[in-house]
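In what follows, chains carry the letters A, B, and so on, assigned in the order in which the sequence lines appear, proteins first and then strands, with residues in each chain numbered from 1.
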Amino acid sequence: MKSRILIFVLAAAAWAAPAQSQITQLPLPPQVEKELAARASNVTEVTLGKNMLAVAAKFMKGKDKDEAATRQLIEGLDGIYVREYEFDKEGQFSMDEVEQLRKHFESSEWSSLVRERDRKSGESTDVMIKLVNGETHGMFILEAAPKELTIVLILGPVRMEDLGKLKGIGGLGALGDVQKSVHKDKKGGGE
Amino acid sequence: MKRLWLIPLLLAALVVPAAVLAASGEGFDGVVRSIEVRYHVRATRIPFLGLVNLIARKATNNGVSSLHVAEFESFSEQVDGEELDRMVEQKLGSGWERVIRETSRQGNEQTLIFMRPEGERMGLFVVNLDGHEMNVVQVSVDPDHLIENLGRYEHPSHDIGHDAGEDAGMTGDKSD
């Protein structure tokens, strides 16, 4: 009995200690993130873990159907991560690094939806989705321009049609345009 | 008598994590103090902040409360974004999650926004450095009341979400 109490108390103590150090982080290779951030002149990070999404959803108590649908969508998500790196000069990140980021999501669960390369402007766009039992459970958007790199990662059940709903959240305005771009690509029938 | 040795052990097991949690988070004052010490600046206290707090609370129908503001003028030291972020995160302690961070390598523009759930309310903690001025603000907001109040000032034809999407073009130009 004595040892049971002791185990219980120690377990409670052990649980309380690490609770303070839980930090929601972008599930990307931290080294790549660090290197990009070190070279960028401006870095913007948006990190919304499940807890914070639940808090954000509280701000959507509007009566209209759209807002209710957005709230439902946000409540179901596991995380939204945005990283935007702006560089002073061209060539401060390589296509190899972009490829490295893309390859991080190249697994059996993730499939490429959009792959756009413009050699002339040096711009590229990748949209990848995570499929679980035929349903989208994640979206990874990687956009590179000569002096800018943007990464958006949405974890949880999300459909392409839902991207527009998320554009109202700070820092995610561009998702509406990605949605348009994907629709355009689908209609055009290729990359 | 045999079980007496258990008492200090149990107390230590319970008190140590609590002390760790308490020490890890010094809140608003802790952040302000650490900025003062690290960057050799002094925070300007806002006079009658208690009164401002009361008015804000009444005016927003309890939408905004627990307002804390510290202003640093003549901020001349170079700021390492990573270091500032680490320091604020450490001083704020558990419960707070950083949702937005904007940092410039030159160091003269830094923004950190932290959030934490406070029951039905939401805590917001903002550190903003713009040139030679830094502001640290902590506020507790009630989403329901705040939206209700903001709705009163919103023009019926003005859709914030729509504007945000239109303004922030990432691939818009390309698709045209």
*Asks:* Should Glu84(A) and Glu102(B) be marked as a side chain to side chain contact (heavy atoms under 4.5 Å, CB included) after you check the CA-CA gap, both sets of side-chain angles, and the distance that decides it?
*Replies:* CA-CA 9 Å; Glu84(A) 203 176 278; Glu102(B) 268 192 72; over 6 Å; no
*Asks:* May I ask you to check whether over 12 heavy atoms, not counting those of Glu135(A), lie within 6.0 Å of atom CD?
*Replies:*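 Check fails, neighbour count at 12 or below.
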*Asks:* Rounded at 0.5 Å granularity, tell me how far CD in Glu45(A) sits from CG in Asp85(B).
*Replies:*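 Here the interatomic distance stands at 7.5 Å.
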*Asks:* Nearest 0.5 angstrom please: Ile100(B) CD1 to Leu48(A) CG, how far?
*Replies:*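 Reported value, rounded in 0.5 Å steps: 7.0 Å.
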*Asks:* How many angstroms lie between CE in Met115(B) and CG in Leu53(A), if you round to the nearest 0.5 Å?
*Replies:*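 Going from CE on Met115(B) over to CG on Leu53(A), the span is 8.5 Å.
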*Asks:* When only pairs under 4.5 Å are counted, which of Ala145(A), Ala38(A), Ala37(A), Ala40(A) shares the most heavy-atom pairs with chain B?
*Replies:*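 Of Ala145(A), Ala38(A), Ala37(A), Ala40(A), Ala40(A) has the most heavy-atom pairs under 4.5 Å with chain B.
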*Asks:* Assigning hydrophobic clusters by single linkage (Ile, Leu, Val, Met, Phe, Trp, Tyr; side-chain heavy-atom cutoff under 4.5 Å), is Val141(B) placed with Ile55(B)?
*Replies:*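 They do not share one cluster, since no chain of ILVMFWY contacts under 4.5 Å joins Val141(B) to Ile55(B).
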*Asks:* Out of curiosity, Met52(A) CE to Trp96(B) CH2, how far, rounded to the nearest 0.5 Å?
*Replies:*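 It is 9.0 Å, given to the nearest 0.5 Å.
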*Asks:* Distance-only check: which donor-acceptor pairs under 3.5 Å involve side-chain atoms of residues 68-76 of chain B, not counting sequence neighbours?
*Replies:*
residue, atom, partner, partner atom, Å
His68(B), ND1, Ser66(B), O, 3.2

*Asks:* Examine Val64(B) and Ile46(B) and state if one hydrophobic cluster contains both, with Ile, Leu, Val, Met, Phe, Trp and Tyr joined whenever side-chain heavy atoms are less than 4.5 Å apart.
*Replies:*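 Yes.
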*Asks:* Which donor-acceptor pairs under 3.5 Å do side chains of residues 86-93 of chain A form with protein atoms, sequence neighbours excluded?
*Replies:*
residue, atom, partner, partner atom, Å
Asp88(A), OD1, Ser41(A), OG, 3.3
Asp88(A), OD2, Arg105(B), NH2, 3.0
Gln92(A), OE1, Asp88(A), N, 3.2
Gln92(A), OE1, Lys89(A), N, 3.2

*Asks:* Is the closest side-chain heavy-atom distance between Asn51(A) and Glu97(B) below 4.5 Å?
*Replies:*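 Contact flag for Asn51(A)/Glu97(B) side chains = yes.
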*Asks:* Counting neighbours of CZ on Arg38(B) that are heavy atoms of other residues, nucleotides or ligands and sit closer than 6.0 Å, is the number greater than 12?
*Replies:*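 Enclosed: over 12 neighbouring heavy atoms sit under 6.0 Å from CZ of Arg38(B).
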